Amino acid sequence: MHIMSTFPVYIPKLLPRDENFVSGRRSCKGCGKALSMRMISKMMGNKLIASGPAPDASFPARYNQTSTGSLWDEITSGDVTTSFVDRLIAENQSGTKGGSSKRPTKAVVGIDRRIFSKDLLALPEMFREEKNVVYICYDSEMYMNEMLKRSAPSLDAHEAPHDLTREELQTFIRDKNIPAQVKECAPAYSATACPSFPLDLMGKVKKALNVNGTAFISVLTPCPTAWLFKPEMTAHLGVLAVTTGFYPLYEMEDDTVQLTKRVAQPKPLSEYFKLQQRYLAFPPEWLALLQEVTSEAYEKLVAHTKKKGV
Amino acid sequence: MIDLLITEDFHNNQDWRNNKPVWDKEKCVQCGICYLFCPDSAVSMDEEGYYQVDLDYCKGCGLCGRQCPTRCITMEEEIKPLPWQTR
């Protein structure tokens, strides 16, 4: 027996071996979203049903296991609540009604963060309708491009070019923090996760599947194609997002907030930004302002972890 | 040209790849982190407990080599003939 096999770094060997994730051409090199989807699907086992538009869906469809399994549907556009989730819940309930000895399973819905940027009512609608679903939100920071567009005249910019103000940035950081926003909808469990910390992500998914009630997980998915960095840096970018305090990892349960990765000395935000080529023309004044706002928000979050509520 | 595209095998990622990961078994401590971080689930364990890659699905992103704690994975450049050079 190898002497190193007693170390906790060997935990990957204890994870389920079966792969529910289909290898193929649907994701780019080093895709953060594919990585996190693979880890999430590992946690749900072979009880997975997935469907979705072909370019985005990387899961196999397993309709023969409807009666016992978790349900997964990835929503990329359109109505969040009415069609997809209703159908999923109906399938789930009709399957579990027939005297199955297993406990009723939860539907899992994957949503892209860009839906919330486009449709402001999608988030409250989603939580108003369904009470026993796991929502997983892929956050690939596409809203940062909106900020970049304001620096120069652009055809699809919503506003005229202007310098970013402090209030604007504070609003932006507040909107980035989705679990704090959904706390009024009273989910039983909500968390942020990142595939750079795989065991943390898998543990949160497992907790979300077992909790009684609605769960929400927001997953940061670095995107080499859009952020313009080398594909091998995907996990490193995720680590930097967490250690700079730009994307803190925490979980909220029973009105208490807990930081799962506590950073004693947050790194400067420029380390995270300089690796991404899309920020080549990002003005340094904005970065300094964003650094201030981010540190403030992080300190506020750390202060809130000591008492109840966000 | 169209015939060439249609007869191309679209089930593997071979033509996406510029580099392929190569394991140095002397340095490998069999931790399994490369397996955990592969976005294409191309890395698997062999009978001896070492890890290997399915070159049909590897896209050569290099994430496994970057995450390896003992740096036993090196990315070797792979020069493949272009489709019209093989026919």
Side-chain angles (χ1 to χ4, degrees), chain A residues 1-39 41-43 58-60 194-202 221-225 229-239, chain B residues 5 8-22 25-78:
Chain A
M1 188 175 162
H2 206 285
I3 190 168
M4 291 280 283
S5 59
T6 50
F7 285 93
V9 76
Y10 290 84
I11 288 175
K13 283 191 173 179
L14 306 176
L15 292 172
R17 293 278 174 82
D18 50 334
E19 295 289 347
N20 304 302
F21 186 79
V22 177
S23 315
R25 295 183 164 229
R26 287 155 180 165
S27 60
C28 307
K29 271 184 184 183
C31 177
K33 190 174 171 181
L35 185 58
S36 52
M37 279 164 101
R38 176 176 169 239
M39 289 170 183
S41 68
K42 226 176 222 316
M43 234 48 247
S58 308
F59 283 102
C194 178
S196 308
F197 301 94
L199 303 172
D200 180 68
L201 167 62
M202 290 186 200
T221 55
C223 176
T225 312
F229 61 88
K230 285 182 187 168
E232 66 193 52
M233 304 293 277
T234 303
H236 185 58
L237 260 289
V239 171
Chain B
L5 280 177
E8 204 59 34
D9 181 13
F10 277 105
H11 294 288
N12 66 41
N13 303 325
Q14 295 239 14
D15 47 350
W16 282 33
R17 193 171 62 236
N18 300 325
N19 303 305
K20 65 173 181 184
V22 178
K25 285 192 179 179
E26 287 185 3
K27 282 194 209 165
C28 182
V29 292
Q30 307 180 350
C31 62
I33 285 181
C34 49
Y35 160 75
L36 189 59
F37 273 99
C38 181
D40 283 286
S41 45
V43 178
S44 60
M45 197 198 275
D46 65 4
E47 291 159 0
E48 297 171 30
Y50 291 104
Y51 287 85
Q52 61 191 11
V53 68
D54 184 350
L55 286 178
D56 275 355
Y57 292 121
C58 177
K59 287 173 188 156
C61 63
L63 200 51
C64 47
R66 173 88 199 180
Q67 291 298 313
C68 181
T70 59
R71 298 267 181 258
C72 77
I73 302 174
T74 46
M75 300 302 289
E76 273 186 12
E77 196 177 348
E78 208 180 13

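Throughout, a chain's letter reflects where its sequence line sits, starting with A, and its residues are numbered from 1. Since the structure is predicted, the reported quantities are computational estimates derived from the model, not experimental observations.
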Quiz item: Which atoms of A:P224 come close to chain B, meaning under 4.5 Å heavy atom to heavy atom: side chain ones, backbone ones, both, or neither?
Solution: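 No part of it gets close to chain B.
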Quiz item: With only heavy atoms counted, which part of A:S36 is less than 4.5 Å from chain B, the side chain, the backbone, both or neither?
Solution: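 For A:S36, neither part sits under 4.5 Å from chain B.
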Quiz item: Any donor and acceptor pair, going by atom type alone, linking the side chain of B:R66 with main-chain N or O of A:A235 inside 3.5 Å?
Solution: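 No, because the side chain of B:R66 does not come within donor-acceptor range (under 3.5 Å) of the backbone of A:A235.
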Self-check item: A:R38 side chain to A:K33 backbone, donor-acceptor under 3.5 Å
Solution: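 Answer holds: no.
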Exercise. Show the numbers, then the answer: is there a side-chain contact (heavy atoms from CB on, under 4.5 Å) between B:Y50 and B:M45?
Key: CA-CA 6 Å; B:Y50 291 104; B:M45 197 198 275; over 6 Å; no
Quiz item: Side chain, backbone, both or neither: which part of B:M75 has an atom under 4.5 Å from a heavy atom of chain A?
Solution: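 Neither; nothing under 4.5 Å.
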Quiz item: For B:C64, is it the side chain, the backbone, both or neither that has a heavy atom under 4.5 Å from a heavy atom of chain A?
Solution: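 No part of B:C64 comes within 4.5 Å of chain A.
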Quiz item: So do the side chains of B:I73 and B:C34 get within less than 4.5 Å of each other, counting heavy atoms only?
Solution: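 A side-chain contact exists here, since the closest heavy-atom pair is under 4.5 Å.
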